[in-house]
2 protein chains.
Amino acid sequence: MTAVPPPPGSTGWRREVGAERGNDSVTRIDDVARLAGVSTATVSRALRGLPTVSAATRRRVLAAAEQLQYAVSPSASRLAGGRTGTVAVVVPRITRWFFGTVVEAVEEFLHQAGYDLLLYNLGGREQVRQRVLRTANLHKRVDAIMLVATPLRPADLTALAELDLPGITISSGSTVPGWPCVRIDDVAAARTATRHLLDLGHRRIAHISGDPTDELAFTTHTDRRRGYQEALRHAGLRPDPSLDMESQFTIAGGNQATTELLARGEPPTAIFAACDEIAMGALTALRDAGLRVPQDVSVIGVDDHDLSGVLGLSTIAQPAAEQGRLAARLLLDPLVAGTVEPYAGRVPTPRGAGADDATTSPPVILPTRLVVRESTAPPRAH
Amino acid sequence: MTAVPPPPGSTGWRREVGAERGNDSVTRIDDVARLAGVSTATVSRALRGLPTVSAATRRRVLAAAEQLQYAVSPSASRLAGGRTGTVAVVVPRITRWFFGTVVEAVEEFLHQAGYDLLLYNLGGREQVRQRVLRTANLHKRVDAIMLVATPLRPADLTALAELDLPGITISSGSTVPGWPCVRIDDVAAARTATRHLLDLGHRRIAHISGDPTDELAFTTHTDRRRGYQEALRHAGLRPDPSLDMESQFTIAGGNQATTELLARGEPPTAIFAACDEIAMGALTALRDAGLRVPQDVSVIGVDDHDLSGVLGLSTIAQPAAEQGRLAARLLLDPLVAGTVEPYAGRVPTPRGAGADDATTSPPVILPTRLVVRESTAPPRAH
DNA sequence: CTGAAAGCGCTTACAG
DNA sequence: CTGAAAGCGCTTACAG
């Protein structure tokens, strides 16, 4: 699908040309201009705070706009100015703690800066991802893009490059040429969690992470699994594939994986869950199996989900809101400063995946923190 | 603030008039028209699926659009057509389970219908609410508004009436004249929860709900408190003010209120929390106080939060996603059917709060369901 | 510092 | 069923 037709509409209604303009019509820029005794160009400049307007004129324009309850028409402004004042924010699932928290922080920042937030929730639907990333859907619709934990294939990267919009990624493995990235060090976080269990004396440590074929958080899965394995190896242990479960980043996924794990025979003495939601699912499954936490099995996750404190879940805390705020700032700063040209109908030479990496700065890594609660303790045998 | 200036921008860049138009410029409607050998009017009609285009012409236009990778410019289309293809969705806090779940369902429905979703997260900031509701901010920016659990004061209602946009509310107490409302019966839900505790034999039943002065979910608080009191009275009990706590609809709020409740002396044998998040906070506080659930204190909430199963929390389940989907459908149906005229610059006679109630249909009430888990049991004395 | 005028890229009566 | 032309309401070189 190339052309994106607007929603089928009615036959339409439009103010008749030359019709009376009493208080039956909404204020337009020329109404303000007339009242202020200036041209529309001056109104436009004054309202946007451009420096090339005298103080006295600006005052008159603002007063007139106030009096007439004038608000600029976004459509007209966008068409004429080439800027949309809108940012697309793409998340895998807004209902997951991390993404909801990020979006909340981003929303506040964007709206304070006067930008609108267009929300795209992939919801696990691959077709949505394709529509968002690969078609001209975002074209002319937003000034910038924020991708949160969105895995990108080569074809996606090409599509993004063709879009030629500024953007930023959060918690992303795939680097988009020219886009900054804000994230935590997933490998280190996993290492810390696993080491915490090792330090307590655990040796049979299971891992539950995402399905590697699941596109939703590909690199997060991989990185956290790697940290787990590195910590084990560093302790002289060989990762046991039968203790390494692939699942979903959800409570249900954690529950199911843990149940399956327990069915395999001798249970582990500890579980490192790749996120707190998985850990919560593990907690249920363990309880249902009659195993106590932490006496029989220790559990640790990653995130510091709002509920982790309630559950007494040990975890690796990551600053979700801060990642969102920082990313929003890094994204908007160049736009506001005017260092980025507004979209103007050019089609650039596609840069392609990794073609232009030289201009891409290294990811901004935010710190994580081990939070020890009641779900981790030394194994019983000790 | 009346005029909403766009974000300060750069000096601008624009394609030079008469400049070469090789593959250096993005496809416009006249490129498609030329390739298809028709006028731009016909391209516009064909792409939007209007019936007044012959099959053969439509085919040629679609092929040309496909070949040129044409995508309509939203700004131009909106300015010319008077429709934005965008819906504003206002929620108190996207991070809370109910709102995240609603937004996820709404997002899917809107995007499938070809609409964009502009997200407004109030985040407890009153100034944001005012900016969203009372200024011309939404004016000309969206085709419709969805307010989720947004309390409305008379001034807000006046502002919404002046906006003259179609809208819908979810879980709202304030009725907006002319707008449908989708919700559950909060009074009945609270009654059922309380009756469940009464049926188990409880008599000292505490309630933790929202702060009545908190604007964020005003009627939800009130309704659930009313259901609680009604159930008590129906059982011949007089509501005890010392067992009725005012708090926030959050885990922290529930925690704090419960702690305070326990400090007052003899603890209740059961707690009805106005939402699951409050209930989760209560769970922690009880545990910290050395009280067991349900042996010492029973706890029930409202929502059926994703984690309630994990925690074994009894609750009144409400269909959050379904409320979102249904509301989105009710909102879009008239727009898509064309029964609603596109925005066209008229300023209607403000209808004011409750002025036009006759045209407002009664709320659509979705059913709730008592889910008994492990957090409720008969009191020990029994 | 300000204004006249062109232009942004579409959609819509209107006429055929 | 289709096209020519006006118009949507702004912003921006350009000229002063």
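Naming convention: chains lettered A, B, ... in sequence-line order (proteins, then strands); numbering from 1 in each chain.
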**Prompt:** Of all residues at least two apart in sequence or in a different chain, which pass the side-chain contact (heavy atoms from CB on, under 4.5 Å) check with B:A46?
**Reply:** B:V53, B:R58, B:V61
**Request:** Could you tell me the separation between the CZ atom of A:R28 and the P atom of D:dT11, rounded to a whole number of Å?
**Result:** 14 Å
**Short side-chain N/O contact from B:R48 to OP1 or OP2 of C:dT11, under 4.0 Å** = yes
**Message:** Looking at A:L165, is its backbone amide N or carbonyl O close enough to the side chain of A:W179 to form a donor-acceptor pair, meaning the two atoms are under 3.5 Å apart?
**Reply:** yes
**Complete:** Separation of D:dG9 atom P from A:D31 atom CG, nearest Å, is 10 Å
**Asked** Would one find a side-chain N or O of B:S77 under 4.0 angstrom from OP1 or OP2 of C:dT11?
**Response** yes
**Request:** Examine distances only and state if a side-chain atom of B:R325 and a backbone atom of B:A105 form a donor-acceptor pair shorter than 3.5 Å.
**Result:** no
**Pairing residues for B:S44 by the side-chain hydrogen bond (donor to acceptor under 3.5 Å, both in side chains) criterion, not counting sequence neighbours** = B:R48
**Request:** Give a yes/no answer on whether the side chain of B:S39 brings an N or O atom under 4.0 Å of OP1 or OP2 in D:dG3.
**Result:** yes
**Request:** Could you state the atom-to-atom distance from CZ of B:R141 to C1' of D:dG9 in whole Å?
**Result:** 14 Å
**Request:** Select base, sugar-phosphate, or nothing to describe what A:S75 touches, counting heavy atoms under 4.0 Å on all strands.
**Result:** nothing
**Message:** Check this one for me: any side-chain N or O of A:T42 less than 4.0 Å away from OP1 or OP2 of C:dC1?
**Reply:** no
**Request:** Look at the side-chain N and O atoms of B:S44 and state whether any lies under 4.0 Å from the OP1 or OP2 oxygen of C:dC10.
**Result:** no
**Request:** Using a 4.5 Å cut-off on heavy atoms from C-beta on, say whether the side chain of A:V32 contacts that of A:T27.
**Result:** yes
**Asked** Across the strands shown, which category fits B:S73 at heavy-atom distances under 4.0 angstrom: base, sugar-phosphate, nothing?
**Response** sugar-phosphate
Which atom pairs link the protein and nucleotides 14-16 of chain D when you take only N or O atoms and keep those under 3.5 Å?
none

**Request:** Report which part of the nucleic acid B:T52 touches: base, sugar-phosphate, or nothing (heavy-atom distance under 4.0 Å, all strands).
**Result:** base
**Asked** Quick one: B:K140 NZ to D:dC8 C1', roughly how many Å, whole number?
**Response** 12 Å
**Request:** Kindly say if B:R83 contacts the phosphate of C:dT12, meaning a side-chain N or O under 4.0 Å from OP1 or OP2.
**Result:** yes
**Request:** Report the distance from atom CD1 of B:I29 to atom C1' of D:dG3, rounded to the nearest whole Å.
**Result:** 13 Å
**Asked** According to the Watson-Crick and G-U wobble definition with distances under 3.5 Å, which dot-bracket string, read 5' to 3', encodes DNA chain C, using [ ] for crossing pairs and | for pairs with another strand?
**Response** |||.||||||||.|||
**Request:** Could you check how far CG of A:L50 sits from P of D:dC10, rounded to whole Å?
**Result:** 15 Å
**Item:** Closest nucleotide among C:dG3, C:dT11, D:dT11 to the B:V72 side chain
**Value:** C:dT11
**Message:** Could you tell me how far apart A:L79 (CG) and C:dC8 (C1') are, to the nearest whole angstrom?
**Reply:** 4 Å
**Asked** Can you name the side-chain contact (heavy atoms from CB on, under 4.5 Å) partners of A:L35, sequence neighbours left out?
**Response** A:A64, A:Q67, A:L68
**Message:** Between D:dT12 and D:dG16, how far apart are the two C1' atoms, rounded to whole Å?
**Reply:** 16 Å
**Message:** Distance check needed: C:dA5 P versus A:D30 CG, whole Å only.
**Reply:** 15 Å
**Message:** So, using side-chain hydrogen bond (donor to acceptor under 3.5 Å, both in side chains) as the criterion, who are the partners of B:T169 when residues are at least two apart?
**Reply:** none
**Request:** Remember a base hit wins even if backbone is also touched, and classify B:P74 as base, sugar-phosphate or nothing at under 4.0 Å, heavy atoms.
**Result:** nothing
**Item:** B:A63: partners by side-chain contact (heavy atoms from CB on, under 4.5 Å), with sequence neighbours left out
**Value:** none
**Message:** Need to verify one output field. Residue with the more 5' nearest nucleotide on DNA chain C, A:T40 or A:R58?
**Reply:** A:R58
**Asked** From C:dT11, C:dA5, D:dC10, pick the nucleotide closest to the side chain of A:A80?
**Response** D:dC10
**Euclidean distance for P, C:dA13 against C:dG9 (whole angstrom)** = 23 Å
**Prompt:** Would one find a side-chain N or O of A:Y70 under 4.0 angstrom from OP1 or OP2 of D:dC10?
**Reply:** yes
**Asked** Any salt bridge between A:D31 and A:R34, counting N to O under 4.0 Å?
**Response** yes
**Request:** Not counting sequence neighbours, which residues clear side-chain hydrogen bond (donor to acceptor under 3.5 Å, both in side chains) with B:T84? List them please.
**Result:** B:D143
**Message:** Suppose we screen for side-chain contact (heavy atoms from CB on, under 4.5 Å). Which residues come up paired with B:A88, at least two apart in sequence or across chains?
**Reply:** B:Y120, B:L138, B:V142
